[in-house]
Amino acid sequence: MRAALAAALGTTCLVAGSASAGAIGRSETTGHTAKLADLREATAPYRSGPANPWTTQVFDVNGITCIEDPEGTGTMGIHFVDAANLVDGRVSRLAPEALIYEPGPNGSLALIAAEYIVFADAWEATHAHAPILYGQRFARVSAGNRYGLPDFYELHVWHEKANRNGTFNDWNPDVHCT
C-alpha cells in the first residue's frame with residue numbers, strides 16, 4: 001500500500017548553500033556544514049537528473065508535479081522518491097527519501113534539495129518523539145494533505161541551491177516551475 005502512496009507523494013525539499021571554513025592552503029568543514037557537504041557528495045551523481053533509486057516522480061492529488069506554495073511564498077520543485085527507502089520507517093542522513101529538482105531549459109532538471117520523509121505510524125512504533133536531523137526537528141504533516149498521504153514527518157534540506165528563507169525551510173522563493 002505504501003508503495004502506491006509513494007507515487008502520490010509530492011513533498012517538499014531542502015537545499016543548503018555550501019559553506020566552508022578554510023585553513024591556509026586547504027578547506028575544512030565542521031558540524032552541520034560538513035554533514036551537508038557529505039550530502040552534496042552523496043547526491044552528486046544525480047545533479048543533472050534523477051536516476052535509480054530516485055525514479056518515482058511524485059505529484060499531488062491534483063496531478064501537479066512541480067510543487068508551489070498556494071500562498072505564494074515559494075516553490076519546492078519536482079520530487080523524485082526512492083520508493084523502497086520511503087517505506088522503510090527509518091531516516092538515513094546520506095539517503096534522503098526524495099531528491100528535488102528545478103525545471104530548466106529544454107526539459108532539463110537541476111538538483112536543488114533533498115527531502116527526508118518517514119510515515120508517522122512507522123516512526124512512532126519505535127520512537128517517542130519526531131525525528132531530528134541536522135539539529136532540526138521534522139515537521140509533521142497530517143492526513144488529508146495535498147498528497148493524499150497518511151500522517152508523515154518531513155524535513156527539507158536545500159543542499160544544492162541556497163534558500164534565503166533558510167536551509168531547512170520548505171519553500172524557496174528563488175525556485176520556479178516555469
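By convention here, the first residue in the shown sequence is residue 1. Just so you know, these numbers come straight off a predicted model, no measurement behind them.
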inquiry  = Can you tell me how the ring of Phe119 sits relative to the ring of Phe152, calling it parallel under 30°, perpendicular over 60° and tilted otherwise?
reply    =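 Plane angle over 60°, so perpendicular.
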Counting C-beta onward and ignoring hydrogens, is there a side-chain heavy-atom pair between [X] and [Y] closer than 4.5 Å?
X: Glu97; Y: Val81; answer: no
X: Val141; Y: Leu149; answer: no
X: Tyr134; Y: Leu39; answer: yes
X: Ile67; Y: Arg146; answer: yes
X: Leu133; Y: Lys35; answer: no

List the atom of [X], the atom of [Y], and the distance in Å for their closest heavy-atom pair.
X: Tyr46; Y: Pro53; answer: OH-CD, 4.0 Å
X: Glu102; Y: His176; answer: OE2-N, 2.8 Å
X: Gly74; Y: Trp171; answer: O-CE3, 3.5 Å

ask   = Which residue pairs pass the disulfide (SG to SG under 2.5 Å) test when at least one of the two sits in residues 132-178, sequence neighbours left out?
value =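 The answer is Cys66-Cys177.
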Residues in side chain to side chain contact (heavy atoms under 4.5 Å, CB included) with [X], at least two apart?
X: Asn62; answer: Asp60, Ile64
X: Arg90; answer: Asp88
X: Pro50; answer: Phe80, Tyr101, Leu109

ask   = Under 4.0 Å between a Lys/Arg side-chain N and an Asp/Glu carboxylate O for Asp174 and Arg164?
value =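 Looking at Arg164 together with Asp174, the answer is yes, because their closest N to O distance falls below 4.0 Å.
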query = Taking only residues two or more places apart in sequence, or in another chain, which ones meet Thr73 in a side chain to side chain donor-acceptor pair (under 3.5 Å)?
reply =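 By the side chain to side chain donor-acceptor pair (under 3.5 Å) rule, Thr73 matches Asp69.
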ask   = Under the 3.5 angstrom rule, does the side chain of Tyr116 hit a backbone N or O of Arg93 as a donor-acceptor pair?
value =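 It does hold such a pair.
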task = Under the salt bridge (charged side-chain N to carboxylate O under 4.0 Å, His left out) rule, collect the residues that match up with Arg140, sequence neighbours excluded.
result =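 Testing Arg140 for salt bridge (charged side-chain N to carboxylate O under 4.0 Å, His left out), a comparison that skips the adjacent residues, returns Glu124, Asp151.
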